[in-house]
Amino acid sequence: MTSADMVLFRKSRGLFWGALVAVVIGLPVVIVSILVVPSALGMYSAATQAEVGTATKVIVDGVGFLTIFGAIVAILLGATAGSVDHQRGVIRDLVLAGRPRWRIVLGRLLAASAWLIIAVAVCIALLVVLAITMAPVDGDMDWGEIGRTVAALGPWLLTALVFGSGIAMLIGTRGPAIGIYLAFVFILDQILVVIPKIGPVWEHMSYFLAQGQTIEWISGTGGTGFAHSNTVALLVLIAWGVIPFTLGVIRLSNRDL
Amino acid sequence: MAELAIQLDGLTKRFGSRTAVDGVTLNVPHGSVYGLVGPNGAGKTTLMRTMLGFTHASSGTSTVLGKSMPHNRASIYPRIGVIIEEPRFYPFLTGMENLQQIIAARPESISDDQVAKALAAVDMTARADDRVKTYSLGMRQRLGIARALLHDPEVLILDEPSNGLDPPGIRDMRLLLRSLADGGRTVFVSSHLLAEIELMCDHVAVLKDGKIIADGAVEELMRPSTDDGAAPVGLRVTVGVHDPALAKVKLDAIDGVTDVAMGLEPYTVLVTLAPGSGDEQIAGINAHLVGAGVGVHRLEPAAASLEQRFMEIIDGGGVG
């Protein structure tokens, strides 16, 4: 990765920065509001309030929201990394400069990862500050639980990032890659699991089940119904990133300039 | 150093049943400016893309700087400068930032001086820090040339480099490319601007329907040919008269005159004589017009331009 890779993302506009700002600033505010305002308005019973109202609980639930919204940003970043040079028509000039296509995409992907980590770190920092300031119920902070929850986000978001870049390389453009990811993870994958005959086979390779198992393994919560061990779940999740990325690189490398 | 900068041997590119480039054989000497001309759809861009290995050739070979393409493209690409079709950039970056993207991808370092020199060569220094989305087509073209020149390439391959340039820009481009060739660089350029090709190039090839139908030194190509397969072309004479319309009517009736057209200048007609004609026929024109009461104030041979020869070659099917 070079500073040029980082600049390419920093100078981008529109959807990219809109999504990043929404996650970094908008999401913590919205999450804390959702979790704190009902308590402040007395909408919860005392027992519920005690259960959901501590700062630790607000942070952990807030990080949970990031599995959806953070993944969308990860897909957007990954798809941008996989398609920006091709879509802008500059990939030919980069190849002429002497850089192999897989290295061009890898550089962009590392820069996208850096931006994703920065965005998630800022989001979580803001979430922590807001939760500690506004949590309606006092309680000791459980930093271990918070750390495990944040760590569980890592494989999930990075897989989404790499998956997104692979799809974008395969189809050569960013927009549809985001739609394909959302449709696959939240609709197709879950339908395939419940279809008779296909489901019993698919559940061994389900992206959604594998990521659920991985998150719950790392965060220390229960199982999800994935058919294999935690290690296999992690490998399946990695495969869902690596396979589309590899196919994308092959497609990109064989595409006419 | 290989004797030829670019050597194509039977290069062919087919798209399904359509043959876009058909058995092209070309030799581009080192240090020359080699022009490629042809009507729209002749296959000029496809020829350049195939030659460079941007797309796989259906058959034939392409050798650039002594190495076969596309097998050696990783070692050849950093030694050449290329613009194929309209140069593309990241519109949200400045011109300088776009160049830095390329510099970061290059194996060797490019000094600030080299960047400044490339920008100055295309008169883009003042606008280098503006975003590319604010550039005109001509400015993007200039920046594309600067990008191709960054690393002082041995060979420049340029597809319509004058696109979008204003007349001073076209002249500057011609002088720049000529000076690069004079400094030992090789320039392979396609263009629709035949007058520019005529002024700039040492050699020229005419492409039609994917085939080379004429090629050679510019002076040779502009000389009317009597070879088999060539369009036979006779002498052209510009005749200055007081009444061009009447002169045309009178000249059309003379044996040995194959064509009479209104001249580009006022009060002139352009007369084309049958192949083999000479001074005697020219004197006959004068006598005939004067005898018919048409005042003649000027009579001189008209030099054939590359554009005229191009049209003759394209219409006639080629030069052997």
Taking side chain as everything from C-beta outward and backbone as N, CA, C, O, which of these in B:R147 sits under 4.5 Å from a heavy atom of chain A? Side chain, backbone, both or neither. side chain
Could you please state which residues from residues 146-170 of chain A sit under 4.5 angstrom from chain B, measuring non-hydrogen atom to non-hydrogen atom, sorted by number, or 'none'? none
So which heavy atom on B:R88 is nearest to which on A:R88, and how close? CB-O, 3.3 Å
Tell me, for B:I102 versus chain A, whether the close heavy atoms (under 4.5 Å) come from the side chain, the backbone, both or neither. both
Strictly distance-based, threshold 3.5 Å: is any side-chain N or O of B:Q100 a donor or acceptor partner for the main-chain N or O of A:A4? no
Quick check on A:F69: does its CZ atom have over 12 non-hydrogen neighbours (other residues, nucleotides or ligands) under 6.0 Å away? no
Of the backbone (N, CA, C, O) and the side chain (C-beta and beyond), which part of B:Y90 lies under 4.5 Å from a heavy atom of chain A, both, or neither? both
If contact means a heavy atom pair closer than 4.5 Å, which residues of residues 89-99 of chain A contact chain B? A:G89, A:V90, A:R92, A:D93, A:L94, A:V95, A:L96, A:A97, A:G98, A:R99
Tabulate below the donor-acceptor pairs under 3.5 Å that side-chain atoms of residues 32-42 of chain B make, not counting sequence neighbours, or state none.
| from | atom 1 | to | atom 2 | distance (Å) |
| --- | --- | --- | --- | --- |
| B:S32 | OG | B:P29 | O | 2.7 |
| B:N40 | OD1 | B:H192 | NE2 | 2.8 |

What part of B:I84 gets closer than 4.5 Å to chain A, counting heavy atoms only: side chain, backbone, both or neither? both
Structural part of A:L8 lying under 4.5 Å from a heavy atom of chain B: both
Residues of residues 237-257 of chain A with any heavy atom under 4.5 Å of a heavy atom in chain B: A:D256, A:L257
Please state whether the side chain, the backbone, both or neither of B:R49 comes within less than 4.5 Å of a heavy atom of chain A. side chain
